[in-house]
Amino acid sequence: GAIAALGTTGLAYWPAAIAVLLAPGADRHQQSFPGCTLVPSAETMVLEARSYWVLRSWTWPFAFVSLVLTGLILGAKELGLWGVALIAAQATLGVIWFVGPKVGFPLDLTLLGWAYFLSTVVFVGSLSLCVMCNRNLVRQYGLRLCPRRPALGGSSLVQAAGASVRRANDVGRDAIKHGLIAMVLDLCVQLCITVGIYAAGELGLPELYQISAMQAAMPTYGTSWAMGVSYAIRIVGAGLVGGQQYFAFGMFVHSMTACGLAFAVLTVVTVIPWRRALAFGYGSQACEFASHTDCLPIYAGMFGDGDSTFNTLQASFNVFAPAAGSYSLFMITKAGLYACFDFAFMAWWAVASLFLVFLPGILVASQVYKTAAALYVAMYLPMLFLAIVFYIKLLVNLRRMNAGLPGPWKERERALTAPTGPAFGPRGQTWSNVGVSQPQRDYSSMQPDGSTALLTTELSSAGI
């Protein structure tokens, strides 16, 4: 996170690069509407948005740490702690944004950047305090800055200690590898959206406004609906797969997918009949262009000239609803494959969708149709494609699970199988000394405490 933030901070003070990133097509927009003084120059946009860019960049280190802590807390089923931290972060965001102007701070992008930055810091701090103050969580998972090593009584115990350390290192390397593979999927999806936005900027200012308005509506009608379902699949589904309750996992995934389909239908039902109202609501900032004669073409490009609604925001909202539904289904099916540890499959198909679906789509949209609606379809068509592919793969995985056939979930089980030989019990004893025979170990009888931090790392991962 810090490396990425340093890189983007450097770009913020590279004039040529930051002008392209923050003001796509700005020079062309001014040339297209030379008499409209409401169209800002690239320099003006950079001055107004640079501080926001830098502040959002430096939220990344804290945001990445919060993902680690969130995984720990949700994996431990401490949902209340996560909820408290989330409420504290959202309260910080709201207080800064709504109270800041009342105490003298201007309501601009800089204030918004500070609101996001401080809310992320509060979220990480709240999560850390929740973990440190939860003695049971600290004791169960050996969460100490300086773990105490158990007393070693012989060469066999020394070898067991080394095996536990190597085990922890293997789990860490495995997590990093899977994290990098999963990042490929997220990067491909984000690249589709980013390229679509920049393509809209090259088409014209009305198209850029239309894409921005629909993106502003996406959390309300798309991602936020599916977020809770995807979290449930990752938490509950991963537990079912880890416990080899494959039939229950299949029923759970099917029910959650049905919820996703219901959300997609509900999005269509709640958007299409009121698309004109939504268009004027989310595009209200563009109404300012109607106040100047030289800016009227921009307003007409957004909402039409009264004779035609072709390539207007009202028309573009017709494709918004299917796009939001596709994104919701994509998030849900992706969470299902996360529970199956099928990261490599998702990464390969994400790259394939980038070249086989998105690239032809964005070329046709930008060179043939040249409308905001066509660009939006091209941006979210890979999500629909991946949702279908991921659901088919889920069905295949479920059949293989129930048939006892190998798969990524089996490889993970083998990777987490405990090594044979003596291991540490409470207060440095071996498990053979506390009534557990070797090599068959009854992990349910273990009560690790702070003195068994090395073994606790292994047991915590196996418990997941």
Side-chain angles (χ1 to χ4, degrees), residues 67 70-71 73-75 77-80 82-83 86 90 182 185-186 189 193 214-215 217-275 278 317-343 345-346 349-350 353 379-402 408-409 464:
L67 291 176
T70 297
I73 291 177
L74 294 183
K77 303 298 189 295
E78 297 287 351
L79 303 182
W82 183 72
L86 186 62
Q90 293 302 310
L185 170 62
D186 293 332
V189 170
I193 298 174
M214 289 188 287
Q215 283 298 99
M218 181 60 72
T220 303
Y221 293 92
T223 55
S224 61
W225 294 33
M227 188 68 69
V229 178
S230 64
Y231 266 118
I233 294 177
R234 295 186 190 190
I235 298 172
V236 179
L240 293 174
V241 172
Q244 300 184 14
Q245 301 179 38
Y246 300 138
F247 180 78
F249 173 68
M251 296 295 293
F252 181 70
V253 167
H254 288 315
S255 63
M256 293 296 100
T257 305
C259 289
L261 285 172
F263 287 156
V265 173
L266 189 59
T267 299
V268 175
V269 171
T270 55
V271 169
I272 297 299
W274 294 277
R275 61 186 181 277
L278 290 172
F317 261 94
N318 287 323
V319 302
F320 168 78
S326 300
Y327 199 23
S328 298
L329 291 174
F330 163 74
M331 293 177 63
I332 293 171
T333 53
K334 180 182 76 169
L337 288 184
Y338 264 57
C340 299
F341 292 97
D342 219 338
F343 302 107
F345 176 87
M346 290 188 288
W349 278 98
S353 70
M379 289 165 58
Y380 284 92
L381 191 59
M383 281 69 151
L384 178 60
F385 172 77
L386 289 175
I388 296 173
V389 171
F390 288 177
Y391 186 68
I392 294 174
K393 179 60 173 176
L394 272 173
L395 296 179
V396 173
N397 285 353
L398 290 173
R399 288 187 178 183
R400 296 181 67 87
M401 286 178 179
N402 292 321
W409 58 93
I464 295 175

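In this chain, residues are counted from 1 in sequence order.
In this structure, Lys334 does not pair ionically with Asp342, as no charged nitrogen and carboxylate oxygen lie closer than 4.0 Å.
With rounding to the nearest 0.5 angstrom, the CZ atom of Phe249 is 6.0 Å from the CG atom of Leu398. Taking CD1 of Ile235 as the reference point, atom CG of Leu79 lies at 5.5 Å (rounded to 0.5 Å). With rounding to the nearest 0.5 angstrom, the CD1 atom of Ile233 is 8.0 Å from the OG atom of Ser255. The OG1 atom of Thr220 sits 9.5 Å away from atom CG of Leu278, with the distance rounded to the nearest 0.5 Å.
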What do the steps show when you test Leu386 against Leu185 for side-chain contact (heavy atoms from CB on, under 4.5 Å), and what is the final call? CA-CA 10 Å; Leu386 289 175; Leu185 170 62; 4.2 Å; yes
Does Tyr380 form a side-chain contact (heavy atoms from CB on, under 4.5 Å) with Leu384? I'd like the steps, not just the answer. CA-CA 7 Å; Tyr380 284 92; Leu384 178 60; over 6 Å; no
I'd like to know whether Ile272 forms a side-chain contact (heavy atoms from CB on, under 4.5 Å) with Phe317, so could you lay out the CA-CA distance, the side-chain angles of the two residues, the decisive distance to 0.1 Å, and finally the verdict. CA-CA 7 Å; Ile272 297 299; Phe317 261 94; over 6 Å; no
Test side-chain contact (heavy atoms from CB on, under 4.5 Å) on Met251 and Leu240 and set out the steps. CA-CA 11 Å; Met251 296 295 293; Leu240 293 174; over 6 Å; no
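Annotation: side chain of Arg275 is not in contact with side chain of Phe320 (no heavy-atom distance under 4.5 Å). Using a 4.5 Å heavy-atom cutoff, the side chains of His254 and Tyr391 are in contact. Under the 4.5 Å side-chain criterion, counting only non-hydrogen atoms from C-beta, Phe330 is in contact with Val189. Phe252 is listed as a side-chain neighbour of Met256, based on a closest heavy-atom distance under 4.5 Å. Annotation: side chain of Leu394 is not in contact with side chain of Phe390 (no heavy-atom distance under 4.5 Å). Annotation: side chain of Phe263 is not in contact with side chain of Met331 (no heavy-atom distance under 4.5 Å). A 4.5 Å side-chain heavy-atom check between Asn397 and Trp409 finds at least one atom pair inside the cut-off. Contact of the Lys393 side chain with the Thr333 side chain is not registered, since no non-hydrogen atoms from C-beta on lie closer than 4.5 Å.
Ala238 and Ala339 get closest at one heavy-atom pair: N-CB, 3.7 Å. Closest approach of Thr270 to Thr267, counting heavy atoms only: OG1-O, 3.2 Å. When every heavy atom of Met401 is checked against every heavy atom of Cys340, the shortest pair comes out as CE-SG, 3.6 Å. When every heavy atom of Ser326 is checked against every heavy atom of Ala387, the shortest pair comes out as O-CB, 4.4 Å.
Aromatic ring centroids of Tyr338 and Phe343 lie under 6.0 Å apart.
Note on ring orientation: taking the six-membered ring where Trp is involved, the planes of Trp82 and Tyr231 are tilted (angle from 30° to 60°).
Under the side-chain contact (heavy atoms from CB on, under 4.5 Å) rule, Thr70 has a single partner from Ile73, Leu67, Leu74, which is Leu74.
In this structure a side-chain-to-backbone donor-acceptor pair under 3.5 Å is missing from Ser353 to Pro382.
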